[in-house]
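What you see below is based on every heavy atom in this structure, not just the backbone, and it leaves out hydrogens, waters and symmetry mates.
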Amino acid sequence: MPIHFRAICVLSAIAVLSACTAPTPGAQFNDPYEDTNRSVHAFNKGLDRNVLRPAGQVASVVPEEFTTPVANFADNIALPGMVANGLLQADIGGAVTNTMRFIINSTVGIGGLFDPAGGIGIDEDSTDFGETLSVWGAPEGAYVELPVFGPSTERDAVGTFVDLIFDPLQSVGTATQVKYSTGSRIASLAISRGTFMDTFDSVLYDSADSYAQARLVYLQNRRFELGEAPPAASEIDPFASDLSIEGF
């Protein structure tokens with residue numbers, strides 16, 4: 001995809017933030033699209049029930065000797081994007097850490113299949129364009145649930161779009177990394193679904209209202225990650241410290 005076209009897409013997406021929906025005074029959640037969100041949630045839940053959960057069950061019984069390299073590869077190919085976002089956030093330390101991790105794991109780690117960088121204490125400094133927008137002062141906007149991608153906000157939805165359109169891996173990754181990037185990310189999602197099977201099932205299938213529970217988990221966890229109005233300890237949902245609820 002031409003650079004100028006990607007730049008136009010990014011600028012257009014950022015412009016959307018100017019129309020972010022303001023919260024209704026006194027509302028517990030900024031969720032003006034709840035009816036639509038619930039329809040999308042029902043679709044995502046069906047996708048999980050019929051595709052992702054069965055894939056996770058299969059992945060959970062596959063030996064770690066096979067699943068760990070796949071997860072490592074998926075984590076490694078995400079690093080160039082994190083480097084770019086670190087630079088945009090003026091987080092030089094995080095950008096340097098992720099750069100060193102990518103170089104070491106892409107070479108010594110055989111394209112990212114292994115994690116020698118982690119073995120010497122160079123751990124991933126996770127970030128994305130949603131966090132970049134937060135650093136720039138963009139408002140969170142309304143809660144939205146995206147098809148396939150799952151719980152989000154207007155700001156994070158723009159961030160997801162930009163991260164997909166502008167992927168530095170295309171420029172700095174090896175031919176193998178670029179070729180297998182999408183497949184490895186999908187496989188990694190199935191592996192994560194299997195790893196956190198009980199947690200996902202508790203939210204989706206054991207909750208009285210899985211939509212409301214997924215919304216609560218996502219917003220609390222995301223705000224905590226970004227350091228935005230973190231909830232009081234007594235209000236933190238037990239699932240919020242386990243993982244972000246994404247992909248359903």
Side-chain angles (χ1 to χ4, degrees), residues 17 20-24 26-34 37 40-41 44 48 71 74-75 78-79 81-95 97-98 101 118 123-146 149-163 188-189 192-193 195-204 206-248:
L17 288 175
C20 273
T21 307
T24 302
Q28 184 178 8
F29 295 102
N30 184 15
D31 191 2
Y33 313 123
E34 182 168 349
N37 284 337
V40 175
H41 179 77
N44 286 340
D48 178 83
D75 288 343
L79 287 172
M82 294 184 191
V83 172
N85 278 301
L87 293 173
L88 290 171
Q89 296 164 24
D91 179 10
I92 305 304
T97 295
N98 285 334
R101 182 174 172 82
D123 298 319
E124 176 185 293
D125 189 348
S126 183
T127 189
D128 52 52
F129 197 72
E131 182 172 1
T132 297
L133 292 172
S134 173
V135 170
W136 290 352
E140 178 183 82
Y143 175 78
V144 294
E145 179 149 352
L146 303 175
F149 291 96
S152 188
T153 61
E154 288 178 317
R155 181 180 63 200
D156 282 343
V158 170
T160 297
F161 173 76
V162 171
D163 282 332
S188 181
L189 182 61
S192 294
R193 182 62 174 91
T195 300
F196 298 103
M197 182 67 68
D198 292 342
T199 300
F200 277 94
D201 283 357
S202 293
V203 173
L204 283 178
D206 298 337
S207 303
D209 184 346
S210 61
Y211 171 77
Q213 183 70 356
R215 178 182 61 189
L216 174 67
V217 170
Y218 178 80
L219 289 176
Q220 286 190 336
N221 190 56
R222 185 59 168 165
R223 289 167 181 170
F224 180 80
E225 288 177 348
L226 300 179
E228 295 182 341
S234 60
E235 298 175 348
I236 295 178
D237 187 273
F239 298 117
S241 61
D242 291 337
L243 74 165
S244 298
I245 303 299
E246 298 179 347
F248 59 88

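- Side chains of Glu140 and Thr153: a donor-acceptor N/O pair is absent below 3.5 angstrom, by distance only.
- Residues satisfying the side-chain contact (heavy atoms from CB on, under 4.5 Å) test with Leu87, not counting sequence neighbours, are Val83, Ile92, Ala95.
- The shortest side-chain heavy-atom distance between His41 and Leu204 falls under the 4.5 Å cut-off.
- Between Ser188 and Ala74 the shortest heavy-atom distance is CB-CB, 3.5 Å.
- The minimum heavy-atom distance between Gly118 and Arg101, with the atom names listed, is N-NH1, 3.6 Å.
- In the model, Glu124 has no side-chain atom that pairs as donor or acceptor with a side-chain atom of Asn98 under 3.5 Å.
- Contact between Phe129 and Leu88 at its shortest, heavy atoms only, is CE1-CD1, 3.9 Å.
- We find the CG-CZ distance between Leu189 and Phe149 to be 10.0 Å, quoted to the nearest 0.5 Å.
- The main-chain N or O of Tyr143 is found under 3.5 Å from a side-chain atom of Asn37 such that the two form a donor-acceptor pair.
- A salt bridge links Arg193 to Asp48: at least one charged side-chain nitrogen sits closer than 4.0 Å to a carboxylate oxygen.
- Nearest heavy atom pair, residue Glu145 against residue Val40, reads O-CG1, 3.2 Å.
- Considering only residues two or more places apart in sequence or on other chains, Thr195 meets the side-chain contact (heavy atoms from CB on, under 4.5 Å) condition with Ile191.
- Glu34 is listed as a side-chain neighbour of Tyr211, based on a closest heavy-atom distance under 4.5 Å.
- With values rounded to the nearest 0.5 angstrom, Met82 atom CE is found 11.0 Å from Gln89 atom CD.
- Remark: Arg215 does not engage Asp209 in a salt bridge, criterion side-chain N to carboxylate O under 4.0 Å.
- Between the side chains of Asp156 and Tyr218, at least one donor N or O lies within less than 3.5 Å of an accepting N or O.
- A distance of 8.0 Å separates CD in Glu225 from CD in Glu131, rounded to the nearest 0.5 Å.
- Across all non-hydrogen atoms, the minimal contact from Val144 to Glu154 is CG2-N, 4.1 Å.
- Arg155 has no carboxylate O lying under 4.0 Å from a charged side-chain N of Asp128, or vice versa, which leaves the two without a salt bridge.
- For the 3.5 Å distance criterion, the side chains of Thr132 and Asn85 qualify, holding a donor opposite an acceptor.
- Nearest heavy-atom pair, Asp91 versus Gly94, reported as atom, atom and distance to 0.1 Å: OD1-N, 3.0 Å.
- At least one donor-acceptor pair under 3.5 Å links the side chain of Ser152 to the backbone N or O of Ala157.
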